[in-house]
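Naming convention: chains lettered A, B, ... in sequence-line order (proteins, then strands); numbering from 1 in each chain.
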Amino acid sequence: MDRKDLANLIFPNAKDYTYYEEKYAKRNLTENAIVTRFAPSPTGFVHIGGIYQSLIAKVMAKNGGVFFVRIEDTDQKREVEGGIKQILDALKDFDLCPDEYIDENDVDHGNYGPYKQSLRKDIYQSYAKKLLEEGNAYPCFCSAEDLDKIRENQEKAKERTGYYGKWTKCRNMPIDMAIEKIKNGDPYIVRFKSPGNPDKKIKHKDVIKGSVEFPENDQDIVIIKSDGLPTYHFAHLVDDHLMGTNMVIRADEWLASVPLHLQLFYVAGFKAPKYAHIAPMMKLDGEGKRKLSKRKDPESAVSYYKEEGIPKESVLEYLMNIANSNFEIWRKQNPDKKMEEFDFDIKKMSVSGALFDMVKMLDVSKNVISKFSAEEVYNETYNWAKEYDKELLEMLENKEYSLKVLGIERGNAKPRKDIAKWSDVKHIISYMYDDKFDKNGEFEYQKITDKDEIDKIVKLYFEKYYDESDDKETWFNKMKDLSESLGYAREVKEYKANPEGFKGHVGDVSTVIRVKITGRCNTPDLYEILKILGKERILKRI
RNA sequence: GGCCCCUUGGUCAAGCGGUUAAGACAUCGCCCUUUCACGGCGGAGACAUGGGUUCGAUUCCCGUAGGGGUCACCA
């Protein structure tokens with residue numbers, strides 16, 4: 001009885017791995033094209049970090065490379081129904097559609113599928129069989145209790161924990177004995193037989209982190225679990241080899257596994273990909289920082305951005321900012337270029353995690369939205385409202401009118417920057433809608449607060465000065481005339497030069513009109529507001 | 001605890017042995033402005049710490065402290 005018999009006993013039906021080597025031909029790409037991937041688990045939660053990773057993967061693959069998505073569903077306990085659709089939808093929402101993927105109906109798009117690990121069981125088993133035959137893997141019969149015991153002893157002896165070297169029980173089990181146990185029906189899993197020596201170091205050059213040095217791996221990690229599915233590590237080896245991945249872009253929590261992964265590739269005889277470990281986004285928590293957490297931080301979910309109405313362009317711009325900080329300088333110089341034109345350099349990515357700064361994200365978003373046309377703002381807000389705000393939706397039903405409202409101070413050289421997210425819009429424009437405006441509300445006036453004075457100003461203005469057909473200059477001059485007639489300065493400068501000589505200035509007076517008509521002391525251009533409101537509606541407000 | 005990585009203003013960050021140590025967000029002041037926003041100008045604000053190496057260290061080396069990651073039949 002030899003290793004081959006053992007391998008055949010464990011995987012009697014597995015094809016020889018060479019079958020897959022031939023089936024999945026090497027990709028025919030230009031020399032520097034990057035093949036990379038996003039490999040999420042369908043857990044029902046899409047983390048913003050996944051979008052971040054995909055963004056980077058997508059831009060890395062843009063020059064003739066391939067960006068594919070592979071669903072990592074080997075842990076069936078964590079799988080959630082509809083998880084795949086959620087992931088795909090999220091990518092689509094952010095314009096990050098992969099070149100190759102599997103859809104929610106298990107239909108593959110691409111020639112290197114299945115792009116879902118639970119559908120690749122046979123493939124993994126073929127490769128596990130290969131390792132078994134070569135003596136690079138072995139069945140392990142240790143129970144959970146055995147493993148606990150080993151760990152206990154290790155802790156007692158103050159040695160590293162894990163299944164390795166002298167602590168292993170099954171690594172050197174005679175083949176005949178293993179065969180007998182299997183035939184006997186003893187439960188087992190398959191382990192990798194690590195050739196590593198932890199006294200030796202391996203040097204690895206990470207694309208982002210640079211040179212790192214680790215002790216060699218000597219852990220005999222599990223490659224095939226008792227359910228017949230592979231562990232992440234083994235699936236990574238097989239899938240990324242077969243799918244032709246040449247750069248693995250993943251979260252930096254994987255960095256510590258690099259010695260293992262490199263060893264796996266080496267032992268299997270395959271060329272290892274390059275690794276780029278990206279630092280996670282962090283969040284301030286008391287004194288320290290921690291990763292953005294699914295449980296504690298709503299902004300960790302991609303759904304948050306959709307719900308808040310933060311446009312995808314804003315999120316993407318902000319993420320690009322974090323990824324390559326010189327992006328914002330480029331953006332300033334190239335305000336109208338598409339983000340794809342930015343010369344992204346993965347080597348410039350930060351090695352340590354940045355605090356996620358929502359204030360800055362919203363600032364980025366204000367800039368992004370300020371470049372939108374009124375039509376675009378309208379459409380986006382409308383779509384958002386359809387799903388999240390019925391009241392706003394009603395306000396927007398009159399498109400022609402809404403377009404006017406949203407178009408105030410928009411489209412010129414210095415556009416308004418007051419909208420950071422679609423959920424802001426209702427509050428920003430509400431006074432332009434009569435049913436949202438309560439003329440008897442408690443308004444806060446700025447300088448002039450005396451009720452009689454306010455009434456006097458308003459009365460006089462609408463009786464003597466206001467004319468709907470005035471152009472802006474005339475309107476403005478009349479405001480000055482009004483001010484002057486009541487003892488206020490025509491010009492602010494005039495007032496500042498001689499504050500004793502006036503009751504105030506034209507700004508104070510126009511603020512009274514502004515508050516009376518809008519209920520607010522801060523609004524965009526009052527002339528435009530009055531114009532859009534129209535005489536009839538205005539008079540009802542006074 | 002073992003192993004690994006990191007440490008420049010409140011935040012994100014340029015910097016690669018000699019700089020007045022960029023820029024952005026936030027903050028403050030001024031200007032512009034009939035309000036606000038925008039825009040312009042300016043202010044305050046940083047190289048964690050102790051040793052080396054060097055003519056000279058934010059930059060290189062070692063230690064200390066702090067932070068983060070990882071040590072599963074989870075990914």
| remark: Atom CD1 of I150(A) and atom P of C73(B) are separated, to the nearest Å, by 11 Å
| Salt bridge present between K283(A) and E299(A) (N-O < 4.0 angstrom) | yes
| request: Go ahead and name the base partner of C36(B); Watson-Crick or wobble counts if both distances stay under 3.5 Å, otherwise write none. | output: none
| said: Regarding I189(A), tell me which of base, sugar-phosphate or nothing describes its non-hydrogen contacts under 4.0 Å with the strands shown. | reply: base
| Does the base of C73(B) carry an N or O that pairs as donor and acceptor with the side chain of S226(A) under 3.5 Å? | yes
| Counting any heavy atom closer than 4.0 Å, what does K447(A) reach on the DNA or RNA strands: base, sugar-phosphate only, or nothing? | nothing
| field | Nucleotide opposite G56(B) in a Watson-Crick or G-U pair, distances under 3.5 Å | value | none
| Contact class for R410(A) vs. all strands (heavy atom < 4.0 Å): base, sugar-phosphate, or nothing? | nothing
| Ion pair present between D239(A) and R37(A), side-chain N to carboxylate O less than 4.0 angstrom? | no
| So what does N326(A) hit on the nucleic acid, given a heavy-atom distance under 4.0 Å: a base, only sugar-phosphate, or nothing? | nothing
| message | Check this for me, if you would: do E376(A) and K371(A) make a salt bridge, where the nitrogen-to-carboxylate-oxygen distance has to be below 4.0 angstrom? | response | no
| said: Quick check on the 6.0 Å ring-centre criterion: do F476(A) and Y465(A) meet it? | reply: no
| message | Testing the basics here: between Q154(A) and G162(A), what is the closest heavy-atom pair and its distance to 0.1 Å? | response | NE2-O, 2.8 Å
| note | Of C6(B), A37(B), A22(B), the nucleotide closest to the side chain of S352(A) is C6(B)
| For atom CG of N324(A) and atom C1' of G23(B), their distance in whole Å | 15 Å
| message | Roughly how many Å apart are G18(B) and U27(B), using the C1' atom of each and rounding to a whole number? | response | 33 Å
| query | Rounded to whole angstroms, how far apart are CZ on F141(A) and P on C73(B)? | reply | 17 Å
| said: Distance criterion of 3.5 Å, no angle test: do you see the side chain of R520(A) paired donor-to-acceptor with the base of C36(B)? | reply: no
| message | In whole Å, I'd like the distance from the CG atom of D345(A) to the P atom of G15(B). | response | 11 Å
| note | Heavy atoms of E444(A) and C521(A) approach each other most closely as O-SG, 4.1 Å
| task | May I have the distance from I513(A) (atom CD1) to U34(B) (atom P), rounded to whole angstrom? | result | 16 Å
| field | Nearest heavy atoms of I513(A) and V458(A), plus distance in Å | value | CD1-CA, 4.3 Å
| message | For a quick check, tell me whether the side chain of S510(A) and the base of U34(B) share a donor-acceptor pair closer than 3.5 Å. | response | yes
| query | Atom CG of L292(A) and atom P of G68(B): how far apart are they, to the nearest Å? | reply | 14 Å
| When rounded to the nearest Å, what value does the distance between P atoms of A46(B) and G10(B) take? | 7 Å
| field | Strand partner of G42(B), provided both Watson-Crick or wobble distances fall under 3.5 Å | value | C28(B)
| message | Donor-acceptor pair, distance only, cut-off 3.5 Å: does the side chain of D252(A) make one with the backbone of H277(A)? | response | no
| note | Testing A22(B), G2(B), C36(B) for proximity to the side chain of R160(A), the answer is G2(B)
| Nearest-Å distance once atom P is located in both A72(B) and G15(B) | 38 Å
| Taking any strand in view, what nucleotide pairs with A14(B) in a Watson-Crick or G-U wobble way, both distances under 3.5 Å? | none
| query | K77(A) has a side chain; which of C74(B), A22(B), G67(B) sits nearest to it? | reply | C74(B)
| field | Rounded C1' spacing from A44(B) to U54(B) in Å | value | 35 Å
| remark: Considering only heavy side-chain atoms of K225(A), the closest of A75(B), U34(B), G23(B) is A75(B)
| message | Under 4.0 Å, heavy atoms only, any strand: does E72(A) hit a base, just the sugar-phosphate, or nothing? | response | sugar-phosphate
| Counting any heavy atom closer than 4.0 Å, what does S350(A) reach on the DNA or RNA strands: base, sugar-phosphate only, or nothing? | sugar-phosphate
| task | Would you kindly give the NE2-to-C1' distance between H277(A) and U70(B), to the nearest whole Å? | result | 11 Å
| Nearest to the side chain of D363(A), which nucleotide is it out of G69(B), U34(B), A26(B)? | A26(B)
| said: Under 4.0 Å, heavy atoms only, any strand: does S257(A) hit a base, just the sugar-phosphate, or nothing? | reply: nothing
| task | Could you measure between the two C1' atoms, the one in G40(B) and the one in U53(B), and give it in whole Å? | result | 48 Å
| said: Checking base pairs now: Watson-Crick or wobble, both atom distances under 3.5 Å. What partners G63(B)? | reply: U49(B)
| side-chain N/O K366(A) vs A37(B) OP1/OP2, d < 4.0 Å | no
| note | Any strand, both distances under 3.5 Å, Watson-Crick or G-U wobble: A22(B) pairs with none
| request: Compare side-chain N and O positions of S370(A) against OP1 and OP2 of C38(B) and report whether any pair is under 4.0 Å apart. | output: no
| message | For a quick check of understanding: with a heavy-atom distance under 4.0 Å over all strands, which category does V509(A) fall into, base, sugar-phosphate or nothing? | response | nothing
| Residue T161(A), side-chain atoms from C-beta onward, closest of A72(B), C12(B), U34(B) | A72(B)
| request: Would you classify F214(A) as touching base, sugar-phosphate or nothing, given that sugar-phosphate means primed atoms plus P, OP1 and OP2, and contacts are heavy atoms under 4.0 Å? | output: sugar-phosphate
| Which class fits the ring pair Y115(A) and F68(A): parallel under 30°, tilted 30 to 60°, perpendicular over 60°? | tilted
| query | For K201(A), which contact category applies under a 4.0 Å heavy-atom criterion: base, sugar-phosphate, or nothing? | reply | sugar-phosphate
| said: Regarding G23(B), can its base be found pairing with the side chain of E328(A) as donor and acceptor, where the two atoms are less than 3.5 Å apart? | reply: yes
| query | What does C73(B) pair with, Watson-Crick or G-U, if both distances are under 3.5 Å? | reply | none
| query | With sugar-phosphate meaning primed atoms plus P, OP1 and OP2, does W330(A) contact a base, only sugar-phosphate, or nothing at under 4.0 Å between heavy atoms? | reply | nothing
| task | Taking all heavy atoms of W330(A) and all of K337(A), pick out the closest pair and write down the distance. | result | CH2-CB, 3.7 Å
| task | Using a 4.0 Å heavy-atom cut-off across all strands, classify P524(A) as base, sugar-phosphate, or nothing. | result | base
| Side-chain donor or acceptor of K360(A) under 3.5 Å from a matching atom on the base of A26(B)? | no
| query | Between U64(B) and U19(B), how far is it from one C1' atom to the other, in whole Å? | reply | 30 Å
| field | Out of A14(B), C73(B), U70(B), whichever nucleotide has its closest atom nearest the side chain of S325(A) | value | A14(B)
| task | Determine the contact category for E213(A): base if any of its heavy atoms lies under 4.0 Å from a base atom, sugar-phosphate if only primed atoms, P, OP1 or OP2 are that close, otherwise nothing. | result | sugar-phosphate
| query | When the distance from CD of E484(A) to C1' of U34(B) is rounded to whole Å, what number comes out? | reply | 15 Å
| query | Which part of the nucleic acid, if any, lies within reach of S41(A) when heavy atoms closer than 4.0 Å are counted: base, sugar-phosphate only, or nothing? | reply | sugar-phosphate
| note | From the candidates C74(B), A72(B), U35(B), the one with an atom nearest any side-chain atom of R151(A) is A72(B)
| request: Let me know, please, whether P415(A) or F356(A) comes out on the 5' side of the other along RNA chain B by nearest nucleotide. | output: F356(A)
